[in-house]
Amino acid sequence: MPRIELSAGLNRIEAEVAANMSDRMQGLMHRQSLPANHGMLFVYPQAQTHCMWMRNTVLPLSVAFLDDQGKILNIEDMKPQTEDNHCASLPARFALEMNRGWFTDKGVKAGQRIGGLDKSPMPQ
């Protein structure tokens, strides 16, 4: 998957980009680790109340759902290997998964913007 650099305030994020259906479905499944300040950006063709789950994902993750301009709509903590739905509170164009607690640890909250989304590949 392609990688891009994103920012959350002064925090730099290196994100793999899941811009097609196959990559979005695979996500971070079966990964054993995720380096600090690394994540996965899901790029959707349309803004909708997209949902995520953790099937076959052993890493504890947090997900931020983002609108077209990169504003964080809501952040959800997700438990490994569950099929609980974690959904955007409003229509979202992006979702950013990071190690669980990353957003809280960095003081990143709903209403803030993630920078660099303009560099992401177009969704397919």
Side-chain angles (χ1 to χ4, degrees):
M1 288 183 224
R3 294 176 185 257
I4 63 170
E5 185 174 314
L6 301 174
S7 62
L10 298 176
N11 300 290
R12 183 184 157 278
I13 300 165
E14 185 173 330
E16 293 179 59
V17 181
N20 62 54
M21 181 61 81
S22 175
D23 289 346
R24 286 191 299 268
M25 289 178 65
Q26 177 68 32
L28 291 169
M29 285 185 189
H30 307 293
R31 302 275 183 104
Q32 299 302 312
S33 64
L34 185 63
N37 300 316
H38 283 65
M40 181 169 285
L41 179 69
F42 294 78
V43 182
Y44 297 103
Q46 296 177 358
Q48 295 179 357
T49 51
H50 299 285
C51 297
M52 312 290 276
W53 66 86
M54 297 285 285
R55 179 185 305 145
N56 299 319
T57 306
V58 299
L59 303 170
L61 300 172
S62 295
V63 59
F65 293 97
L66 317 171
D67 70 8
D68 287 315
Q69 289 76 41
K71 183 174 92 175
I72 299 173
L73 302 170
N74 60 302
I75 300 169
E76 302 287 326
D77 290 333
M78 303 185 293
K79 287 185 181 180
Q81 299 192 41
T82 61
E83 293 188 19
D84 301 338
N85 280 325
H86 303 276
C87 302
S89 59
L90 295 167
R93 277 286 313 257
F94 305 94
L96 176 61
E97 288 183 338
M98 302 292 289
N99 283 310
R100 187 174 180 152
W102 187 91
F103 297 100
T104 301
D105 292 347
K106 303 296 184 185
V108 177
K109 299 177 181 168
Q112 292 179 274
R113 294 196 187 282
I114 299 295
L117 295 173
D118 57 318
K119 299 174 198 149
S120 70
M122 295 298 292
Q124 300 173 14

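- Between the N85 side chain and the C51 main chain, no donor and acceptor come within less than 3.5 Å of each other.
- R113 places no side-chain N or O within 3.5 Å of a backbone atom of I72 that could act as its donor or acceptor partner.
- A chain of hydrophobic side-chain contacts below 4.5 Å, direct or via other Ile, Leu, Val, Met, Phe, Trp or Tyr residues, connects L28 to M1.
- No donor-acceptor pair closer than 3.5 Å links the side chain of D23 to the backbone N or O of N20.
- Minimum heavy-atom separation, P123 to R93: CG-NH2, 3.9 Å.
- Note that CZ of F94 and CG of D68 are 7.0 Å apart. Values are rounded to the nearest 0.5 Å.
- The shortest heavy-atom contact between R24 and P45 is NH2-CD, 3.9 Å.
- Listed here is the closest heavy atom pair of G111 and K71: O-CG, 3.6 Å.
- Distance check, rounded to the nearest 0.5 Å: CE of M78 to CG of L59 gives 10.0 Å.
- M98 contributes atom CE, which lies 7.0 Å from atom CG of L34 (distance to the nearest 0.5 angstrom).
- Nearest approach of A8 to V108, heavy atoms of both residues: CB-CG2, 3.9 Å.
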| field | Audit row: W102, N37, side chain to side chain contact (heavy atoms under 4.5 Å, CB included) steps and yes/no | value | CA-CA 8 Å; W102 187 91; N37 300 316; 2.9 Å; yes

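- By the 4.0 Å N-to-carboxylate-O rule, R31 lies close enough to E16 to be salt-bridged with it.
- By the criterion of side-chain heavy atoms lying less than 4.5 angstrom apart, applied directly or through intervening Ile, Leu, Val, Met, Phe, Trp or Tyr residues, L96 is not grouped with V63; the two fall into different hydrophobic clusters.
- Judged by distance alone, with hydrogens and angles left aside, the side-chain atoms of H50 form a donor-acceptor pair with the main-chain N or O of Q46 at under 3.5 Å.
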| Worked verdict on R12 versus E5 for side chain to side chain contact (heavy atoms under 4.5 Å, CB included) | CA-CA 7 Å; R12 183 184 157 278; E5 185 174 314; 3.0 Å; yes

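- A single hydrophobic cluster is not seen to contain both M52 and F103; linkage of ILVMFWY side chains at heavy-atom distances under 4.5 Å, directly or through other members, places them apart.
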| task | Go through V58 and Q32 one step at a time and tell me if the side chain to side chain contact (heavy atoms under 4.5 Å, CB included) criterion holds. | result | CA-CA 7 Å; V58 299; Q32 299 302 312; 4.0 Å; yes

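- To the nearest 0.5 angstrom, H38 atom NE2 is 11.5 Å from L6 atom CG.
- Using a 4.5 Å heavy-atom threshold, the side chains of L41 and I13 count as separate.
- Of the possible donor and acceptor atoms, none in the side chain of S120 sits under 3.5 Å from a partner among the backbone N and O of D118.
- Criterion: ILVMFWY side-chain heavy atoms under 4.5 Å apart, direct or through other members. Under it, I4 and L66 are part of a common hydrophobic cluster.
- For the pair R100/S62, a side-chain contact is recorded, criterion being any heavy-atom separation below 4.5 Å from C-beta on.
- Linking ILVMFWY side-chain heavy atoms closer than 4.5 Å, directly or via other members, places F65 and L117 in two distinct hydrophobic clusters.
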| task | Dump the intermediate steps for side chain to side chain contact (heavy atoms under 4.5 Å, CB included) on T104 and I75, then the final yes or no. | result | CA-CA 9 Å; T104 301; I75 300 169; over 6 Å; no

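- For the atom pair CE of M54 and CG of L61, the computed distance is 4.0 Å after rounding to the nearest 0.5 Å.
- Interatomic distance, L73 CG to L90 CG, rounded to the nearest 0.5 Å: 5.5 Å.
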